[in-house]
Amino acid sequence: MTNAGTTVTADLPTPAVRLPRRRGIELTLIVVAVLLSVYGYCAVGLAKNGTVPPGAAGYGAGLGVLALLAHIAVRLRAPYADPLLLPIGVLLNGLGLVLIYRLDLETPGDRAAPTQLVWSTLGVTLFIVVVVALRDHRVLQRYAYVCVAAALALLTLPVLFPAVNGARIWIRIGGFSIQPGEFAKVLLAVFFAAYLAANRNALAYAGRRVWRLQLPTGRVLGPIVAIWLLSVGVLILERDLGTSLLFFGLFVTLLYVATGRTGWIAVGLLLAALGAVAVGRLEPHVHSRVQDWLHPFASIDAGHGPNQLAQSLFAFAAGGMLGTGLGLGHSILIGFAAKSDFILATAGEELGLAGLSAIFILYGLLVERGYRAGLALRDPFGRLLAVGLASIVALQVFVIAGGVTGLIPLTGMAMPFLAQGGSSVVTNWAIVALLIRLSDSSRRQYDIEVAA
Amino acid sequence: MTRHIRLAAAFCTLLLLALLVNATRIQIFESRSYDDNVANRRHTIARYDQPRGGILVGGKPITGSRDSGEQLRYERTYRNGPLYAPVTGFASQEYGTTFLEHSEDDILAGTDSMLSPFPLWNDLTRAQNPGGNVVTTLNQAAQQAAFAGLGTRTGAVAAIEPSTGRILALVSTPSYDPGALSGNSRSANRSWARLNADPNKPMLNRAVRQTYPPGSTFKVVTAAAALDAGVVTDLDAATKSPDPYTLPGTSTTLTNEGDGCVDAPLRSAFEWSCNTVFAKLGVDVGVRNMSTTAEAFGFNDTDARIPFSVSPSTFDTTLDKAQLALSSIGQYNTRATPLQMAMVAAAVANGGQVREPYLVERTTRRGGETVSTPGSRPVRQAMHPATAVQMKELMEDVVTEGTGTNAAIPGATVGGKTGTAQHGIGNSGTPYAWFVSWAQGERDIEPKVAVAVVVEDASADRSDISGGGDAAPIAKAVMQAVLGS
């Protein structure tokens, strides 16, 4: 007992020279994610045709090779990165492909899974390019104005193209259609983060004080509000309300985090409420969405049969606790958006509340890991960028999942990684790539500090 | 900045929680109401997603299924569809279900919770049970004999086992193939339109859903009421019966087809079907006793189910004497289904006890484990056992030497009663030929079968003999089929 004190001193950990890199964990999780996806693919085939689908091996190999290449890129260029980010991306993308393949079986004339696989490959390629080429996220700060110019250009581009299903957000080139607004999300997040990081003191402390709100000078606030108004205005013109809501939320969140002024939240909510009422009143498309949300079964009572939202609710309800099993649900009844906006209903019906919760938790983890990188980073730009990217994922999941489950009015948007949509998959892989880079930086700098 | 990032993260957590709570609300707490919404097609899809269970006759299914590959996937097929149509009914994607397909739908479609070996587990997984089987009481030979006997004529046959109430045959002609209504193809639409437009009403189940004036076969009820009430005590004692008989309180007279009915004793009046004797007998028994006996046989029962509903047979309880006289010979307001008249014959054969008829012996899971045995039903005493013994004698006489000799089966004891029911304005329609009977084989300890046959378009020979001529041979064939099997 007498030498207890000395023992303690002797056992004090030596300062860690290197943080654990945990790449082995990442690899293991990726293998699990690929196996789960292949299992889902086989389960669909077994349920629908009684045989393992012929493409199972090819699908597994393709997804596995993609994931492995991404893993190697991370291992070489971002060895300290959070080990959860990439496996979550692989699993969600793999599951999305399974769900789309499953719905393809009900629509023999319209196969979306092969196209989605091509886009996923493109997405992972972009992921690798970003991880390999972007050595330090702070480089992006320099390109803030390039980013915003590109974002505005991308947003306005679809105005020149014909509307599809009431929204003017697509451009069609050859057989492929692209939704440029998706790419604009990341670019705008970079711009907001860079601008706010550069001007946060001026935003927070300069200018006049009105009630509890410290108004920044117009010179500082003006440009960013102008950009934001411009982007939201364009989106409203294009009737892409989901994305305009997303930009709005992104803007308010980053403004709040950058300045620390709660007042911005109040102003944001007030503006959002005013905007929502105005748009809901004036815009017939939105008005009908709100009516559908308030009375999802009105069309049934009126004898017109269930609308998409009602069909979606039926699908979720049919899933119950454990779901019908992959391939055994009837979410195809939802109709034309079953593979895109309403893909979550298929997950809800065939995987049940259990599977749906797992998916929500995967998104939650992705967001949490983004925020964690933001907390650990030291540079304001990096912090804001991490928070911005994580918030994009969180808001997007909330807006679309809330919409298809009747929690909030429905706005057309793609479920990250799950939904059919090339631009969306590519964008989300870019987001994960940036988060990988940010988390690598956050832990690497810690490593260096401890080592020093 | 750190604090605000944490708060923003907390906000995202709130959003996630809201999603989880809302998903739980829909998928667990409100799922039942969404599932039951009329516009939700999942129930319909699920019901046709697996083959329906079989309806069994003599241990073999008379139904099958065909995979259409469509959304409402399995379509019902029928073996010998027209033969069994009055029992099975149809099961159509478009037009719903009727008869056994309807009343046993939960079992056949697999939705009955009793089908589940582990009910709680199935509730959780929402697994669907394979459709169960419905084992009928039908006797295949009797059914075929009845169907062949009616042939191209319009009519119906009901046969039951007197001691149990098991329905052995239920036939209605003209019939149709219920398989033609399965699925929702265009040909099903055409069949539906054609069958509904057919003036012969092939989808009408004449054995249980059509009531006819029972005519002279109703004299079984009147005789039983007279014996039970003590109005007649000796079968061979002369009755005070004029011929023609003037209906009380009117100038209308009632006559007979044959001679020898003046003051005829009950035995010969029954044997030769004297209208005058039975009309007066009914009046002597009185409305009260007549209706009590008729209702004990099953008349005026609006809740009869076998398990699908049976049209109530009627005996009016508010009659003046003239109406009562006509009602007592199966005319005026008296109407009966063939099944009801089979019950009348069965009651006589079964010592005066009426067994409620039933068609479903038991229901089973696909594997054969019994789910339920609806079989045994309550018993009603329709007449004194002693009266039943006398009634058996009277009915046997009809077959041995009366109007029903066409039903005699060598080596078997057969009792019967003919009937020719007039109908239409001024009795202008072609009369319905009736025959009700029961039979007991040489080595049987009790009567094995009771039958009622009605033929709508019997040969226009307006004599009581037409019941014996047209309907009795059919009854005989059915009884022989039962006794021989």
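Numbered from 1 within each chain, the chains take letters A, B, ... in sequence-line order.
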Without hydrogens or angle criteria, can the side chains of B/Ser116 and B/Arg365 be said to hold a donor-acceptor pair below 3.5 Å?
-> no
Relative to each other, are the rings of B/Phe99 and B/Phe308 parallel, tilted or perpendicular (30° and 60° limits)?
-> perpendicular
What residue in A/Ile300, A/Leu407, A/Ile361, A/Leu384 has the most heavy-atom pairs under 4.5 Å with chain B?
-> A/Leu407
Answer yes or no: is there a donor N or O on one side and an acceptor on the other, between the side chain of B/Tyr48 and the main chain of B/Ala109, under 3.5 Å?
-> no
Part of B/Ile45 lying under 4.5 Å from any heavy atom of chain A = side chain
Residue, of B/Leu20, B/Val21, B/Val38, that accumulates the most heavy atom pairs under 4.5 Å with chain A = B/Leu20
Does the ring centre of A/Phe342 sit less than 6.0 Å away from the ring centre of A/Phe316?
-> no
Atom CZ of B/Phe11 with >12 non-hydrogen neighbours under 6.0 angstrom | no
Side chains of A/Tyr371 and A/Val387: does their closest heavy-atom pair fall under 4.5 Å?
-> yes
Which residue out of A/Pro380, A/Ala310, A/Gly352, A/Gly329 racks up the most heavy-atom pairs below 4.5 Å with chain B?
-> A/Gly352
Would you say B/His102 has more than 12 foreign heavy atoms packed within less than 6.0 Å of its NE2?
-> no
Cut-off 4.5 Å, heavy atoms of chain A, and the answer for B/Leu15 is both
Give, as side chain, backbone, both or neither, the part of B/Arg25 having an atom under 4.5 angstrom from any heavy atom of chain A.
-> side chain
Which answer fits A/Val367, side chain, backbone, both or neither, if we ask what part of it has an atom under 4.5 Å from a heavy atom of chain B?
-> side chain
Of the backbone (N, CA, C, O) and the side chain (C-beta and beyond), which part of A/Arg372 lies under 4.5 Å from a heavy atom of chain B, both, or neither?
-> neither
May I ask you to decide if the ring planes of A/Phe192 and A/Phe251 are parallel, tilted or perpendicular, using 30° and 60° as cut-offs?
-> tilted
Under 4.5 Å heavy-atom distance to chain A, tell me which part of B/Asn22 shows up: side chain, backbone, both or neither.
-> side chain
Is chain B contacted by the side chain of A/Leu356, its backbone, both, or neither, given a heavy-atom distance below 4.5 Å?
-> side chain
Just do the side-chain hydrogen bond (donor to acceptor under 3.5 Å, both in side chains) check on A/Lys185 and A/Gln396 with the steps written out, would you?
-> CA-CA 11 Å; A/Lys185 282 176 205 165; A/Gln396 197 161 338; 3.0 Å; yes
Interchain contact, A/Gln311 with chain B, by part (heavy-atom threshold 4.5 Å) | both
Side chain / backbone / both / neither for A/Leu333 at chain B, heavy atoms under 4.5 Å | side chain
Best-contacting candidate, A/Ala401, A/Gly374, A/Gly364, against chain B by heavy atom pairs under 4.5 angstrom = A/Ala401
Identify which of B/Leu16, B/Asn40, B/Ile26 forms the greatest number of heavy-atom pairs closer than 4.5 Å to chain A.
-> B/Asn40
In terms of heavy-atom proximity below 4.5 Å to chain B, should A/Ala315 be classed as side chain, backbone, both, or neither?
-> both
Side chain from CB out, backbone as N, CA, C, O: work out which of these in A/Ser357 comes under 4.5 Å of a heavy atom of chain B, or both, or neither.
-> both
Which bit of A/Tyr363 is near chain B, if near means a heavy-atom gap under 4.5 Å: side chain, backbone, both or neither?
-> neither
Look at the rings of B/His4 and A/Tyr256 and say which category their plane angle falls in: under 30° parallel, 30 to 60° tilted, over 60° perpendicular.
-> perpendicular
All heavy atoms of A/Ser331 vs all of A/Ala338, minimum pair found to be O-CB, 4.2 Å
